[in-house]
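A short worksheet on the structure shown next.
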Amino acid sequence: MISLPLVYTILALIAYTSSFWYLFIRLMSKRSPNLWCYGLMVGLGLVLHSTVLYQDMMTPIGVNYDVFNLMSFTSGLMLALSLILSLIRPILPLNLIGTPVAAFGLILGFAFSQPNQIIEQHSLGLDLHIILSLSAYAVLLMATIHAVLLWFQDRELKKKQKKRIWVNLLPPFQVMESLLFDLIITGFGLLTAALLFGFFTIDNFFAQHLAHKTAFSIISWFLYGALLIGHYKFGWRGRKAIRFTITGFVLLAIGFMGSKFVLEMILGR
């Protein structure tokens, strides 16, 4: 018998796929997409995505923070933030990246999540720490994808290629770079708040195998902080900003998702 979460997952993937191809065809044909039509399709996908995730994470005995559930949550949140930004910035084409990422995260969460990472007793401070951490991760993931796209644009501009795919498809380089630092500032603020809540609400870091995760997160925090200082005080931009952004997120991903994956899937803790 087909389960209801499977039906919701399939419908969400249909909504994501439809919105992706609608946006792609419109952009390739140089026609302006209807933002309300596109937003309705993506919004429907996000609602269904959230329903599947809620049923998997919220159990009668506690919250299931399985690594694949967190991937699903982060990817959906990233797409939601990208859609909101599209309403106030000319960055609608960036959703061509966010939509497949959300679809992939949904598939991972539905297919591979395990009911073995349930937190039965959790305080408001711990909940805020987790929410802020996931929000920071989603925003900085957006910034990293943004940095990769900037690198493609910068490469096409410097090599003076005749076929400038990314230059023609995406907003102007200056707009993209401005948004990159807006995302980094937002992600840096969320990460700062998450670390502060973590220090004040979590006990026994070593017993809970959180020391390495915290160490990587702090190093990443310093890198993002250095990038922001370098940008506003010394004018750092371009490829230097791209390298800092990607390196900071790789460290954050190793500490956040990488360590959780090793503990759960390999060590079985």
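Residue numbers start at 1 and run along the sequence shown.
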Filter on salt bridge (charged side-chain N to carboxylate O under 4.0 Å, His left out), then keep only pairs touching residues 168-187, sequence neighbours left out; what's left?
Arg89-Asp182, Glu177-Arg237
Neighbour count >12 (heavy atoms, 6.0 Å) for atom CZ, Phe104:
no
Would you please indicate yes or no on a ring centroid separation below 6.0 angstrom for Tyr137 and Phe249?
yes
Set of residues satisfying ring-ring contact (aromatic ring centres under 6.0 Å, His included) with respect to Tyr232, sequence neighbours excluded
none
Partners of Arg243 by salt bridge (Lys or Arg N to Asp or Glu O under 4.0 Å), sequence neighbours excluded?
none
Would you find more than 12 non-hydrogen atoms of other residues, nucleotides or ligands less than 6.0 Å from Phe173 atom CZ?
yes
ring-ring contact (aromatic ring centres under 6.0 Å, His included) against Phe244, all qualifying residues, sequence neighbours excluded
Trp236
If only atom types and distance count, is the side chain of His49 paired as donor or acceptor with the main-chain N or O of Gly105 below 3.5 Å?
no
Residue list, side chain to side chain contact (heavy atoms under 4.5 Å, CB included) with Pro172, at least two apart or on another chain
Gln174, Val175
Using modelled atom types and a 3.5 Å cut-off, is there a donor and acceptor pairing between side-chain atoms of Ser220 and backbone atoms of Phe216?
no
So does Phe110 have more than 12 non-hydrogen atoms from other groups sitting under 6.0 Å from CZ?
yes
Under the ring-ring contact (aromatic ring centres under 6.0 Å, His included) test against Phe188, which residue among Tyr224, Trp221, Phe181 passes?
Trp221
Go through the structure and list residues passing salt bridge (Lys or Arg N to Asp or Glu O under 4.0 Å) with Asp154, not counting sequence neighbours.
Lys158, Arg239
